[in-house]
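So that the names make sense, note that chain A is the first sequence line, chain B the second, and so on, each numbered from 1. Note that the structure is predicted; figures quoted are calculated from it, not measured. Just the heavy atoms: all of them, side chains too, but no hydrogens, waters or symmetry mates, feed the values below.
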Number of protein chains: 2
Amino acid sequence: MNTIKDVAERAGVSIATVSRVFNDSSSVKSKTRDLVLQTARELAYSPNILARGLMRKKTETIGVVLPDLSGEFFSEVIRGIDEVAARRGYHILLSSSHSRLDDMERLLRLMAQGRVDGLLLMAPQLRKDLLPLLSTTKLPLVLLESSLEGLDADSYYIDNFRGAYLVVQHLIEHGHRRIAVIMGPEDNFDARERHKGYQAALTEKDIPFDGELAFKGDFQKRSGYFGMKRILSLDDPPTAVFAANDDMAIGAMEAAKEAKKAIPEDIAIVGFDDIPISRYVSPRLTTVHMPIYEMVSRATERVINRIEEAETGEIEKRMLSAGLMVRQSCGCSY
Amino acid sequence: MNTIKDVAERAGVSIATVSRVFNDSSSVKSKTRDLVLQTARELAYSPNILARGLMRKKTETIGVVLPDLSGEFFSEVIRGIDEVAARRGYHILLSSSHSRLDDMERLLRLMAQGRVDGLLLMAPQLRKDLLPLLSTTKLPLVLLESSLEGLDADSYYIDNFRGAYLVVQHLIEHGHRRIAVIMGPEDNFDARERHKGYQAALTEKDIPFDGELAFKGDFQKRSGYFGMKRILSLDDPPTAVFAANDDMAIGAMEAAKEAKKAIPEDIAIVGFDDIPISRYVSPRLTTVHMPIYEMVSRATERVINRIEEAETGEIEKRMLSAGLMVRQSCGCSY
DNA sequence: TTGTAATATGAAAGCGCTTACATTATTAAT
DNA sequence: ATTAATAATGTAAGCGCTTTCATATTACAA
């Protein structure tokens, strides 16, 4: 690897001049500039980013911490981040916290070592313990789908509550009264909001919440599958099921099919997320669309703007609305 | 951010001692070590990774360049890489080449600036133009699903040819003679191999390859959908379709359903990849399982071993075998 | 020409760290 | 107690760059 010194020597100038050329800042005679550029090309030189970062305190990298990496949801998240980061000339340092808090602490620490200029953090299970850690970091920090009272950071999230409310309301409007729910992880913020939305829709129509119809899940397909098994084995099974995400809804459909139950005739199923595959299952899944791409691209723009101090103003907490996607599995639109 | 100097001053030692403590290398009296550690904790100090990297010429980061980031396939790739990287104490710098070659050149250059210690590159459309660029880099480089003659780098790939051969052979064994194919992108190595496998299976059973039954696709669902539309509009439609990946197969199933064709009775459909959702579509998709996780985790181990010079030996080019997953859409196992 | 301002370049410090080498403190052996 | 060997610590150079400040060059007007 050639250094600035090699280029300087070969071009017969000082390293300062070479540096100036590569930062196209101040005055360099155009003849000199060309000479330097040419020499640099010959030596396949490009500035060492570590040395540069050491001086500038910038790495053009943003750290991304996600709770998990598998599935279409995260794939969409990553794609959105990558797209705007690339456009703005930033790299992304990706890691998963594996949904474990101590892991996250380790990650955050690492990222605060000068590796990244800003942080994009998605942690639906974010807890108070991390507050001190997060607030000592003076790195620009933007939160995704994370709720943490008392932390002054830009946050972008999706209106899970209203999304769930809408889809359950839709079910009720089409005559369902007994609606089971397969819930997400208890410590997950999204999951809790969705559950509240479910309850709110019920309450609004004077349907009492029945704990017997609420089943635990973990956002994985398997848990939807087993949840449905249990639902179907009830003495008086419900006529509809709200799965707190599409993966579980798909698992639930699977279980229903095995039990030879027709969807939506015997039992309607709705999900949440609108993952790409949800329109390809049969029957097509009625669900709630999450504007993931929109959320993450805004968040990424924001963190970069903060880094570049283009935005120094108020903290922004923005909730994006999730919309109902009526398809076939709810039984109302054939 | 506190520096090593701050810690040294406060602890009343020299920066060298602090450094030693954090590199648990040579001799430091345990009393001193404790003092330093304690002070560091008080100041929330952790070594600046850029400065360290500048000296050590190491960043504990591996660069990952993928052709695309969307869909379950890449999600699985990323998960696999993240898992072993995290275990081995490495970070991952992720970027997509967006399947564009010039983009890739830019990325490779950036990564060679000392940002990463090694490179994991997936480029099914890798072309000769990049050869010089790749070979000048003296960074450890490991290729995934990329074929490039003349480039001496460890490579891991999946036996696409044999996978396709197997699934098409399976179709033939169950009586199909007219088997259409929806192909992947022409410049994609995987796609070409799968197509060859398809042809080989045909040839072996003395079925001539019929260009009329070969349709272009691009690995996206849409193209499977439209491919199937065209297949069904043929005067004498085939009895089976081999889609070169699952996404297209699912699109094709969609088109078949719309045309009220029963799968597999009217037309059998098989795919390739075994993406998680393939077992949840209806009927369940018969496909070829790709040992993605296995491939990427091996590749990641390898690149890290190279970085750490634990492996300095021969270049390894390893092909992992893809296995047939017989489910329902081929019509043989109900 | 000469002087002056503007422009172009170089010298050198320093970013935060590691590490070879020099120095000092400690221990063990005589 | 004295010395040699060993262990612990400090000093200082330098990784590759940016940037301030000083110096040299150039351009232009008088």
Checklist entry - Along nucleotides 16-23 of chain D, 5' to 3', which nucleotides get a B, which get an S, and which get a -, given that the test is a protein heavy-atom distance under 4.0 Å? => result BBBBB---
Item to check | Option among B:R298, B:E301, B:M122, B:R302 that satisfies the side-chain contact (heavy atoms from CB on, under 4.5 Å) test with B:V142 | outcome: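 Result for side-chain contact (heavy atoms from CB on, under 4.5 Å) with B:V142: B:R302.
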Checklist entry - B:E83 and B:Y293: side-chain donor and acceptor closer than 3.5 Å? => result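 Short answer, yes.
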Checklist entry - Does a donor on one side chain and an acceptor on the other come within less than 3.5 Å for A:Y156 and A:E294? => result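 Not at all, the side chains of A:Y156 and A:E294 share no donor-acceptor pair under 3.5 Å.
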Next on the checklist: Would you say CD of B:Q38 has more than 12 non-hydrogen atoms from neighbouring residues, nucleotides or ligands within 6.0 angstrom?
Outcome noted: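 Atom CD in B:Q38 is crowded, with more than 12 foreign heavy atoms closer than 6.0 Å.
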Next on the checklist: Expressed as a whole number of angstroms, how long is the span from B:L35:CG to D:dT9:C1'?
Outcome noted: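 One finds 13 Å between C1' of D:dT9 and CG of B:L35, rounded.
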Item to check | Separation of C:dG10 P from A:K29 NZ (nearest whole Å) | outcome: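 Roughly 10 Å, once rounded to whole Å.
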Checklist entry - For C:dT7, does OP1 or OP2 lie under 4.0 Å from any side-chain N or O of A:S27? => result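 Result: no.
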Next on the checklist: Please tell me if B:T32 has a side-chain N or O lying less than 4.0 Å from either OP1 or OP2 of D:dT9.
Outcome noted: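 Answer is yes, contact under 4.0 Å.
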Checklist entry - Any donor and acceptor pair, going by atom type alone, linking the side chain of A:T39 with main-chain N or O of A:A8 inside 3.5 Å? => result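 Side chain of A:T39 to backbone of A:A8: no pair is present.
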Next on the checklist: Using only atom types and a distance under 3.5 Å, with no angle test, would you say the side chain of B:D6 pairs donor to acceptor with the backbone of B:T3?
Outcome noted: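 It does hold such a pair.
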